[in-house]
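The block underneath contains the structure these notes are about, expressed in structure tokens.
This structure is a prediction, so every number in the text was calculated from the model and none was measured. Throughout, residue positions are numbered sequentially from 1 according to the sequence presented.
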Amino acid sequence: MRRFFMFSGVVIGLLCSIYTVYLDMKIGEDSDYIAMCDMSEKVSCSAVISSEYSKLFSHMGLVPKDSMLDVPNAYYGVVFYSAMLVLYIFSSRIPYAKTLALLASLASAVMSVSLYYIMVYILDDICVVCMCTHACNAIVLAVAVLDFRDMSCRTPSREKFD
């Protein structure tokens, strides 16, 4: 059952991140673009995606503006979910796959909590697609914690997703 939840969380998160990248590109081309998930003034993916917080790392000063790493948060989501998919599929061949999955999912959970706070309390908006990725991050983290906890031996050959 855990395999199902991990796979579902990763695939749905990846699809949501890809859609958010698509929205970012469409909004960049046309500032009047109305996304499918723009339901009202307070429930608007476009408002969140086009905000100054959509590039959180440069907004916080962690990467220089206009550098190669100054990309929207959704691009990092695509990288995260792609890496988790590789870890999931090839876990029997990747040493310390469960440990890597746990560390990556912890980092994504910290980002999710930060972005959720910004979205709800600073921007005073709700992004449905963002909420979906936050839920996927919570599922992936929960499974990663359970898998890591159940790991009986920390040898690479025994460290597989169950």
Distance check, rounded to the nearest 0.5 Å: Leu141 atom CG versus Met6 atom CE? 9.0 Å

Is there a path from Leu123 to Tyr117 through hydrophobic residues (I, L, V, M, F, W, Y) whose side chains come within less than 4.5 Å of each other? yes

Do the non-hydrogen side-chain atoms of Tyr76 and Val71 ever get within less than 4.5 Å of each other? yes

Under a plain distance cut-off of 3.5 Å, with no hydrogens placed, do Ser54 and Asn73 share a side-chain donor-acceptor pair? no

Quick check: does any side chain N or O of Asp125 sit under 3.5 Å from a backbone N or O of Val48, one acting as donor and the other as acceptor? no

Using the side chain to side chain contact (heavy atoms under 4.5 Å, CB included) rule, take Lys65 and Lys55 through it: C-alpha gap first, then chi angles, then the decisive distance, then the call. CA-CA 9 Å; Lys65 286 194 184 293; Lys55 295 181 178 181; over 6 Å; no

From CZ (Arg149) to CG (Leu146), nearest 0.5 Å: 5.0 Å

Would you kindly confirm whether Ile94 and Val79 end up in one hydrophobic cluster when ILVMFWY residues are joined by side chain heavy atoms under 4.5 Å apart? no

Are Ile89 and Val10 co-members of a hydrophobic cluster defined by side-chain heavy atoms under 4.5 Å apart? yes

To check you understand the geometry: which heavy-atom pair defines the closest contact between Leu85 and Val11, and what is its length? CD1-CG2, 4.4 Å

Quick check for you: to the nearest 0.5 Å, what is the distance between Lys42 atom NZ and Asp124 atom CG? 3.5 Å

For Leu102 versus Ala144, what's the shortest heavy-atom pair and its separation? CA-CB, 4.0 Å

Can you tell me if Ile122 has over 12 outside heavy atoms packed within less than 6.0 Å of its CD1? yes

If you compare all heavy atoms of Phe80 against all heavy atoms of Ser108, which two are closest, and at what distance to 0.1 Å? CZ-OG, 3.4 Å

Can you say whether the rings of Tyr33 and Tyr22 are parallel (under 30°), tilted (30 to 60°) or perpendicular (over 60°)? perpendicular

So does Phe5 get a backbone contact from the side chain of Ser8, meaning a donor-acceptor N/O pair under 3.5 Å? no

Specify the closest pair of heavy atoms between Ala35 and Leu23, including all atoms of both residues, with the distance to one decimal. CB-CD2, 3.5 Å

Test Tyr75 against Val21 for side chain to side chain contact (heavy atoms under 4.5 Å, CB included), laying out the working first. CA-CA 6 Å; Tyr75 287 74; Val21 168; 3.7 Å; yes

Asn137 side chain to Ser112 main-chain N or O, any donor-acceptor pair under 3.5 Å? no

Working to the nearest 0.5 angstrom, can you tell me the gap between Ile12 CD1 and Ser17 OG? 12.0 Å

Hey, does the side chain of Tyr81 reach the backbone of Thr133 with a donor-acceptor pair shorter than 3.5 angstrom? yes

Would you say the side chain of Arg3 lies within less than 4.5 Å of the side chain of Tyr88, judging by non-hydrogen atoms? yes

Would you sort out whether Cys45 and Tyr19 count as a side chain to side chain contact (heavy atoms under 4.5 Å, CB included), showing the intermediate values? CA-CA 11 Å; Cys45 295; Tyr19 180 65; 5.8 Å; no

Any chance the SG atoms on Cys127 and Cys37 come in under 2.5 Å? no

Does atom CZ (Phe7) have a neighbourhood of more than 12 heavy atoms from anything else shown, all under 6.0 Å? no

Is there a path of hydrophobic side-chain contacts, each under 4.5 Å between heavy atoms of I, L, V, M, F, W or Y residues, that connects Leu14 with Val143? yes

